[in-house]
Amino acid sequence: HFKICAEYFKTIQNSAQNECLMICSEERTSVPRPTMYQACIHGCNNALFRSAEISCNGGTQEKVFDEVELHSYRHCSRFEGLRPRIELVSTCRKYYDIASKQGFASG
């Protein structure tokens, strides 16, 4: 299983951004543009690869979600100073969560 995952990592590093573009496509038109979309991409990119890596290395889903919750606060805090703050931070954290689930499933 690890060998298959190692090969997968070579491709996911290149395709993670494309995967996040698809995951975040509905946020492209969300107001305020483009900040809401950027919050989505930021959350997705930070979670997708890391959660797949944990899964590939035999980590549990619980470990992924614990780490994701811990890091989503830190990664999404960059949107705290922007308006609308609550919506931007929650969008970033929402897609951080979605990408972590998708990354874990693919790992």
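Atom CD of residue Glu27 and atom OH of residue Tyr37 lie 10.0 Å apart, to the nearest 0.5 angstrom. Here the straight-line distance linking atom SG of Cys44 with atom NZ of Lys94 works out to 12.0 Å at 0.5 Å rounding.
The environment of Glu62 atom CD is sparse: at most 12 non-hydrogen atoms of other residues, nucleotides or ligands sit within 6.0 angstrom. Residue Leu70 qualifies as enclosed at atom CG: its count of foreign heavy atoms under 6.0 Å is above 12.
With Phe79 as the aromatic partner, Arg85 does not meet the cation-pi criteria of under 6.0 angstrom to the ring centre and within 45 degrees of the ring axis.
Between the side chains of Thr35 and Gln38, no donor N or O sits under 3.5 Å from an acceptor N or O.
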Run the salt bridge (charged side-chain N to carboxylate O under 4.0 Å, His left out) check on Asp97 and Arg93 step by step: do they pass?
-> CA-CA 6 Å; Asp97 184 52; Arg93 292 190 58 217; over 6 Å; no
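Between Met22 and Ser25, the closest heavy-atom pair is O-OG, 3.1 Å. For the pair Leu48 and Cys20, the tightest heavy-atom approach, listed with the atom from each and the gap, is CD2-SG, 4.2 Å.
Partners of Tyr96 under the side chain to side chain contact (heavy atoms under 4.5 Å, CB included) rule, at least two apart in sequence or in another chain, are Asn46, Ala47, Val68, His71, Ser72, His75, Cys76. Take Arg78 and apply the side chain to side chain contact (heavy atoms under 4.5 Å, CB included) test, not counting sequence neighbours, and it matches His42.
Residues Met36 and Val31 are not in side-chain contact: their nearest non-hydrogen atoms beyond the backbone lie 4.5 Å or more apart. For the pair Asn45/Tyr95, no side-chain contact is recorded, criterion being any heavy-atom separation below 4.5 Å from C-beta on. Between Ile41 and Leu21 there is a side-chain heavy-atom pair separated by less than 4.5 Å. In this structure, the side chains of Phe65 and Ser100 come closer than 4.5 Å at one or more pairs of heavy atoms.
A donor-acceptor pair under 3.5 Å links the side-chain atoms of Ser90 to the main chain of Ile86, judged by distance alone.
Cys pair Cys40 and Cys24 passes the test of SG atoms under 2.5 Å apart.
Tyr73 and Val89 are members of different hydrophobic clusters when ILVMFWY side chains are connected at heavy-atom separations under 4.5 Å.
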